[in-house]
Amino acid sequence: MELHGKEIRKSVTLKSLFRRLTKKFTDRRCEMPNPNWHRAAVGGMWEEIGKLQFDFLVGQGLRPEHYLLDVGCGSLRGGVHFVGYLQAGHYFGIDISKELLDAGREELNGYKLAHKRPILVQMDNFDFTKLNQKFDYALAQSVFTHLPLNSIIRCIINIGKVLVEEGRFYATFFENPQGKFNLEPVIHPRVDGPDFPTYFDKDPYHYDFETFKFICEGTDLRVDYLGMWNHPRDQRMMVFMKERNEFSTVDD
């Protein structure tokens, strides 16, 4: 697969994309104050999907001493669970929306978790090296479902720069099970409403898994398909693992 400059120029910028995703909720907040606007802005199902993320990563081996990067953390639907579990200063959350991050800080106060000193950073380019931290685990829950391919590539390449050896990056996506030649919408079930479509070239996006294998070619990342993980809106899970450098030593 080859990417050309014309395709890159056509890609929607992360900033404009997420502005569209949150604008209707922030506008509604100004017109009609709602203390829970930020929970709706990240997709609702606050308790269900927040706990689902937490239980899943703990089941995959996340421990309190690990460092976790939560990509697209929003208002901390999953973050409030991770912050409470991890050691102080071990949770890093990045999001493009300052409003959602501020709302997340209020959630932390409500959960009495401010003393755990989570690091929350507004970021629109996935430049994770600016965090000056290596991570054992990373998570992007319902992020790739809203991104065009070139933005996903940027995220994955930059994740590889901040994972420790054998570190893991879990990411969800809407699957196109018919493969890359299928350009038609794919219909998905959900437990909280009617079935809904995803698309090849507009939000919400779907991808065939082979696309993610292509992205990893020539990198030190390997991706494995995990599939269903009880997500209520049919998002599938995959994991990118940073390969161990066989030439590294304990003294490195």
Side-chain angles (χ1 to χ4, degrees), residues 14-15 17-60 62-128 130-143 145-146 155 162 169-172 192 231-233 235:
L14 288 172
K15 188 171 293 186
L17 178 66
F18 278 90
R19 278 176 179 166
R20 290 203 308 270
L21 288 174
T22 59
K23 185 176 186 299
K24 65 179 179 180
F25 296 104
T26 53
D27 287 350
R28 188 178 302 165
R29 182 189 182 197
C30 295
E31 298 169 1
M32 187 184 306
N34 174 3
N36 290 324
W37 70 271
H38 58 285
R39 295 187 174 193
V42 297
M45 300 195 76
W46 180 265
E47 295 295 339
E48 298 89 341
I49 296 181
K51 192 67 162 54
L52 176 67
Q53 298 174 55
F54 174 73
D55 289 343
F56 177 81
L57 279 195
V58 171
Q60 293 293 311
L62 180 69
R63 299 193 303 271
E65 65 269 24
H66 287 144
Y67 280 89
L68 170 66
L69 174 58
D70 192 353
V71 179
C73 64
S75 52
L76 306 189
R77 178 171 56 177
V80 293
H81 300 278
F82 292 121
V83 171
Y85 175 73
L86 295 170
Q87 293 178 7
H90 283 221
Y91 174 88
F92 286 66
I94 70 102
D95 201 272
I96 195 168
S97 170
K98 178 182 183 298
E99 292 81 5
L100 287 177
L101 290 173
D102 287 343
R105 292 184 179 95
E106 291 300 316
E107 287 284 356
L108 290 172
N109 290 333
Y111 282 84
K112 302 187 186 307
L113 289 172
H115 69 284
K116 299 298 287 286
R117 303 191 308 277
I119 292 84
L120 305 180
V121 178
Q122 183 182 9
M123 183 179 293
D124 63 6
N125 60 359
F126 299 130
D127 189 2
F128 305 126
K130 290 183 177 179
L131 300 174
N132 296 313
Q133 179 62 53
K134 294 288 188 178
F135 297 94
D136 305 284
Y137 284 78
L139 174 68
Q141 202 284 135
S142 196
V143 175
T145 55
H146 298 295
C155 178
V162 296
F169 171 42
Y170 293 87
T172 67
D192 60 332
H231 193 277
R233 294 168 184 160
Q235 293 189 31

Under 3.5 Å, which donor-acceptor pairs link side chains of residues 67-75 to any protein atom two or more places apart or in another chain?
unit_1, atom_1, unit_2, atom_2, d
Tyr67, OH, His90, NE2, 3.3
Asp70, OD2, Tyr91, OH, 2.7
Ser75, OG, His38, O, 3.1

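Applying the salt bridge (Lys or Arg N to Asp or Glu O under 4.0 Å) test to pairs two or more places apart or on separate chains, none has a residue in residues 112-123. Among residues at least two apart or in separate chains, there is no ring pair (Phe, Tyr, Trp, His ring centres under 6.0 Å) pair with a member in residues 98-121. Residue pairs meeting the side-chain hydrogen bond (donor to acceptor under 3.5 Å, both in side chains) criterion with at least one member in residues 77-87, sequence neighbours excluded, do not occur.
With sequence neighbours excluded, the residues satisfying salt bridge (charged side-chain N to carboxylate O under 4.0 Å, His left out) with Lys98 are Asp102. Remark: Lys51 engages Asp55 in a salt bridge (charged side-chain N to carboxylate O under 4.0 Å, His left out) (not counting sequence neighbours). Under the rule for a side chain to side chain donor-acceptor pair (under 3.5 Å), the partners of Ser142 that lie at least two apart in sequence or sit in another chain are Thr145, Gln235. Looking at residues two or more places apart in sequence or on another chain, you find a salt bridge (charged side-chain N to carboxylate O under 4.0 Å, His left out) between Arg63 and Glu65. Partners of Gln60 under the side chain to side chain donor-acceptor pair (under 3.5 Å) rule, at least two apart in sequence or in another chain, are Tyr170. Residues that satisfy the side chain to side chain donor-acceptor pair (under 3.5 Å) test with Asp192, not counting sequence neighbours, are Arg190, Arg233. For Asn132, the side chain to side chain contact (heavy atoms under 4.5 Å, CB included) criterion is met by no residue, not counting sequence neighbours.
Here SG of Cys155 is found 11.5 Å from CG of Asp127. Values are rounded to the nearest 0.5 Å. Between the CZ atom in Phe128 and the CZ atom in Phe169 there is a gap of 6.5 Å [rounded to 0.5 Å]. Rounding to the nearest 0.5 angstrom, the gap separating the CG atom in Leu76 from the CZ atom in Arg39 is 11.0 Å. A distance of 12.0 Å separates CD of Gln53 from CG of Leu62, quoted to the nearest 0.5 Å.
A pairwise comparison of heavy atoms in Leu52 and His231 identifies CD2-CA, 3.8 Å as the closest pair. The two atoms that bring Ile49 and Gln141 nearest to each other are CG2-NE2, 3.8 Å, heavy atoms only.
Considering only heavy atoms from C-beta on, Leu139 stays 4.5 Å or farther from Phe56 through its side chain. Between Pro232 and Met45 the shortest side-chain heavy-atom distance falls below 4.5 Å. Annotation: side chain of Val83 is in contact with side chain of Leu108 (closest heavy-atom distance under 4.5 Å). Using a 4.5 Å cut-off on side-chain heavy atoms (C-beta onward), Gln133 and Ile119 make no contact.
Across Val121, Asp95, Ile96, a single residue satisfies side chain to side chain contact (heavy atoms under 4.5 Å, CB included) together with Leu101, and that is Asp95.
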